[in-house]
Protein chains: 2
Amino acid sequence: MATIYDVAKQAGVSPKTVSRVINRDAPVGLKTRAAVEAAIRELDYRPSRAARTMRSSRSGLVGLITGAISRGDGSAGPSGLPDLFIVQAIQREVAEAGMTLMIADTGGEADRAAELMATFAQHRVEGLIYVADHHQRIEELDPRGTPLVLANCFDAIGTPAILPDDRAGQRALVERVISAGHRRIAYLTLPEGMIATELRSRGYREALEAAGISFDPALVTEGFADHGEGPKPFIAPALDRLLALEDRPTVICCGNDELALRLYGELRDRGIRVPQEISVAGYDDYRVISETLYPPLTTADLNYRGIGEAAARRLLSLIAGASVPAEVELIGGPVCWRQSVTEH
Amino acid sequence: MATIYDVAKQAGVSPKTVSRVINRDAPVGLKTRAAVEAAIRELDYRPSRAARTMRSSRSGLVGLITGAISRGDGSAGPSGLPDLFIVQAIQREVAEAGMTLMIADTGGEADRAAELMATFAQHRVEGLIYVADHHQRIEELDPRGTPLVLANCFDAIGTPAILPDDRAGQRALVERVISAGHRRIAYLTLPEGMIATELRSRGYREALEAAGISFDPALVTEGFADHGEGPKPFIAPALDRLLALEDRPTVICCGNDELALRLYGELRDRGIRVPQEISVAGYDDYRVISETLYPPLTTADLNYRGIGEAAARRLLSLIAGASVPAEVELIGGPVCWRQSVTEH
DNA sequence: CCCTGCTATGACACCGATGTCATGACACCG
DNA sequence: CGGTGTCATGACATCGGTGTCATAGCAGGG
């Protein structure tokens, strides 16, 4: 690879002048500039970031740590793959800011994060983002002075964090369902103990309250159950209970789209048509599912993309030295109304 | 960030001795080593990769270019999101080799690849991988001396490429279906013109031939059709044709799992039970779909993960200076037999 | 005509590692 | 006891850029 010295010699100028042409940080004579630019093209010269980094201690790198990447063995957690959308959005924002993204994953072992941060430190990344695979609280990380932003998770020491607004999302979805004329609204939740479960349940109850519908505990039940290898949708008993109710629900809201997909199958198995006999709603707007299902699924957009964008932007402003206004930012998404819920 | 000089001063030795302790490339006295290690811990010292790169011109970086990342707007192509598994697998292999992965995406514009490669060149990546979102032929890239491996695509000039073995995969699946007792096997293909469509159709025909079943063109029809914004599963007419046949198929093989998901819905809509009245098979083993669908979907594992691993390993051996045996490598996966196809 | 002020350019040191070579301190051997 | 070899360590140059400062050239004003 050609160096700045090669270019300088070829153009008959000093290396410093070549540097000036590249960085436009000082005036350069017209003819000189042309000669240098010609030499650069001829030699296919690319300035070495390594050398530049040494002098300026600005590497142009952002490090991203995630557990999202390594679940390639298919052992997807409750919220599945779509958190990769967060990574995608971050990539785009970072690239737009002229920086390059380095990624690494913990392989599922949370304590490997420290090791990965050491690697990033060697590369002198200017900022770090940690992306979790679902809304959760994490053990605090020690970025040793490098700006750090958390996406889809938070910690106990108030590190800047971007989180999905599960409460508002579920509330908006249920309110919309109510305005479509439903009154008996069942809710098949994600596993208990998850933060998303807690927040979405609250949103569900708030929506009922706001509409003056009394909360009926018989309509709320967990849609997942452990059986062997991790939580998988296992909803048959819960579903049977709901269907056996005197005052049967007219719609079933699911903790996520995967659960809704499974529910479609279980309902078909019982000869119950969606949405004519019962309506179904999901959560996440995992499009491969929500748009491909037949009928297409009404769901709440979790807006992973918005989370990624917000995280990247927050980090970039931290790198730029901005003061941070709010520590935690909630990102919402619209309700995606499709044909799986009847109107009126 | 502390430098090697800080450590040297703290430990009362020369920088070179610190270097020796870090790299273990020359003997160091026991007491000296201990002093240096203590100083390193105390100062939380991390050697600068940038400085190391300058000296050795080995950056420890691998660049990955993809269009896979940027489809975050949900406009998933026919093969959807799962090509991200390739990225995941590459990440893992690269990390295992002690290198760090940089990623960038073209944002859908293929000609941006050159620009991204220039950025990577500035960082002096030691190798490049290009990942396509579906099996395709691409315009040739000019890596200017840096080793390059293509994943899920190939070019006209014989750049090392790792490809899914669509033909063998479809053949194995259909053979397995035949051995389960099926004779009338319909095939709902991906859009015509795609390489995967061509190869999988060939596999389908080979399997029939091998079993002595004559090929019936009435059983093969395209499952996608353009209607407005891009190809989406739109299978109602094709399905009606298949169901109206005198000698109705007992199983429908789909071009991918998404199509199978859609087919479940369409069949339910017609009151036809899977698999009791008709069996369904997919392709890809997109687990969120294949395992969550009810009944779980029989499908062929496209093995994106294997493609990623092979691509990474190929690149690493190119970086190590190995000679390349075969230019193109086909990666297959097993048939995933689940309950959506009846046995006997 | 000389001085001032500006523009364009170059010389040189430095960022933080590591390869090369030199050297001091011993131990061992005849 | 002197020569030789080994071990541990340090001095110094170097990788490829950029910040600092110096300087040559030239125009304009008094």
Side-chain angles (χ1 to χ4, degrees), chain A residues 1-37 39-40 43-61 98 100 118-126 145, chain B residues 1-37 39-40 43-61 98 100 118-126 145:
Chain A
M1 176 71 67
T3 75
I4 202 169
Y5 297 95
D6 301 328
V7 175
K9 195 191 290 180
Q10 173 104 357
V13 299
S14 78
K16 179 66 211 191
T17 297
V18 176
S19 170
R20 279 190 267 256
V21 170
I22 296 167
N23 298 297
R24 309 178 199 293
D25 56 357
V28 172
L30 222 62
K31 278 174 57 181
T32 314
R33 152 165 289 125
V36 170
E37 279 169 350
I40 288 176
L43 298 172
D44 189 36
Y45 165 70
R46 317 262 179 226
S48 156
R49 279 282 186 171
R52 203 175 267 181
T53 297
M54 270 185 64
R55 196 72 179 104
S56 66
S57 66
R58 298 208 54 226
S59 62
L61 294 173
T100 306
T119 302
F120 284 154
Q122 290 194 0
H123 286 285
R124 300 295 189 267
V125 296
E126 296 180 47
Chain B
M1 176 70 67
T3 74
I4 201 169
Y5 297 95
D6 302 327
V7 175
K9 194 191 291 180
Q10 173 105 356
V13 300
S14 78
K16 180 65 211 190
T17 296
V18 176
S19 168
R20 279 190 269 256
V21 170
I22 296 167
N23 298 295
R24 308 178 200 293
D25 56 355
V28 172
L30 222 62
K31 277 173 57 181
T32 313
R33 151 166 291 125
V36 170
E37 280 169 350
I40 289 176
L43 298 172
D44 190 36
Y45 165 70
R46 317 264 180 222
S48 156
R49 279 280 186 174
R52 205 175 264 181
T53 297
M54 270 186 64
R55 204 55 194 124
S56 66
S57 66
R58 299 208 54 225
S59 62
L61 295 172
T100 306
T119 302
F120 285 154
Q122 290 194 0
H123 286 286
R124 302 294 189 266
V125 297
E126 295 180 48

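Scope of the values below: all heavy atoms of this structure, side chains included, with no hydrogens, waters or symmetry mates. By convention in this document, chain letters (A, B, ...) are assigned in the order of the sequence lines, proteins followed by strands, and residues within each chain are numbered from 1.
In this structure, A8(A) and S14(A) approach most closely via the heavy-atom pair CB-C, 3.7 Å.
R49(A) comes within contact range of no nucleotide atom at all, as no heavy-atom separation falls under 4.0 Å. Heavy atoms of V13(B) sit under 4.0 angstrom from primed sugar atoms or phosphate atoms, though from no base atom. Across all strands, T53(B) comes closer than 4.0 Å to no nucleic acid atom at all (heavy-atom distances). Counting any heavy atom pair closer than 4.0 Å across all strands shown, S56(B) reaches no nucleic acid atom. Counting non-hydrogen atoms under 4.0 angstrom, S48(B) reaches the backbone sugars and phosphates but no base. Residue R33(B) is classed as having no contact, given no heavy-atom separation below 4.0 Å to the nucleic acid.
Between K16(B) atom NZ and dT14(D) atom C1' there is a gap of 12 Å when expressed in whole angstrom units. Taking atom CE on M1(A) and atom P on dG17(D), their separation rounds to 10 Å, with Å as the unit. Atom-to-atom, CD1 of I22(B) to P of dG16(C) comes out at 14 Å; the value is rounded to the nearest Å. The distance between atom NZ of K9(A) and atom P of dG16(D), rounded to the nearest whole Å, is 12 Å. A straight line from CZ of R52(A) to P of dA17(C) spans 20 Å, rounded to a whole angstrom. Rounding to whole angstrom units, CG of residue D6(A) and P of dG17(D) are separated by 9 Å. Between the CE atom of M54(A) and the C1' atom of dG16(C) there is a distance of 4 Å, given to the nearest Å. As a whole-Å value, the separation of D25(A) CG from dT7(C) C1' is 15 Å.
Nucleotide dG29(D) is matched to dC2(C) when pairs are restricted to Watson-Crick or G-U wobble geometry with both distances under 3.5 angstrom. Under the Watson-Crick and G-U wobble criteria, each requiring two contacts below 3.5 Å, nucleotide dC28(C) is paired to dG3(D). Figure legend. dG16(C) is base-paired to dC15(D); pairs are counted as Watson-Crick or G-U wobble with both atom distances under 3.5 Å.
The nucleotide whose nearest atom lies closest to any side-chain atom of Y5(A) is, among dG10(C), dG10(D), dG17(D), dG17(D).
Side-chain N or O atoms of R55(A) include none that pairs as donor or acceptor with a backbone N or O of R52(A) at under 3.5 Å.
For dT18(C), the OP1/OP2 oxygens have a side-chain nitrogen or oxygen of S19(B) closer than 4.0 Å. Look at T17(A) and you won't find any side-chain N or O under 4.0 angstrom from OP1 or OP2 of dA8(C). At dG17(D), one or more side-chain N or O atoms of R124(B) fall inside 4.0 Å of OP1 or OP2 (strictly under the cut-off). A close approach under 4.0 Å does not occur between any side-chain nitrogen or oxygen of R20(A) and OP1 or OP2 of dT20(D).
Heavy-atom distances to DNA chain D give each of A51(B) and S14(B) a nearest nucleotide, and the one nearer the 5′ end belongs to S14(B).
The shortest distance between side-chain heavy atoms of S59(B) and H123(B) does not fall below 4.5 Å. By the 4.5 Å heavy-atom criterion applied to side chains, F120(B) and T100(A) are counted as neighbours.
Just one of L43(A), V36(A), I40(A) meets the side chain to side chain contact (heavy atoms under 4.5 Å, CB included) condition when paired with Q10(A); it is L43(A).
Side-chain N/O atoms of R49(A) and Q122(B) include a donor and acceptor closer than 3.5 Å.
Applying the 3.5 Å distance criterion, the base of dT14(D) shares a donor-acceptor pair with the side chain of R55(B).
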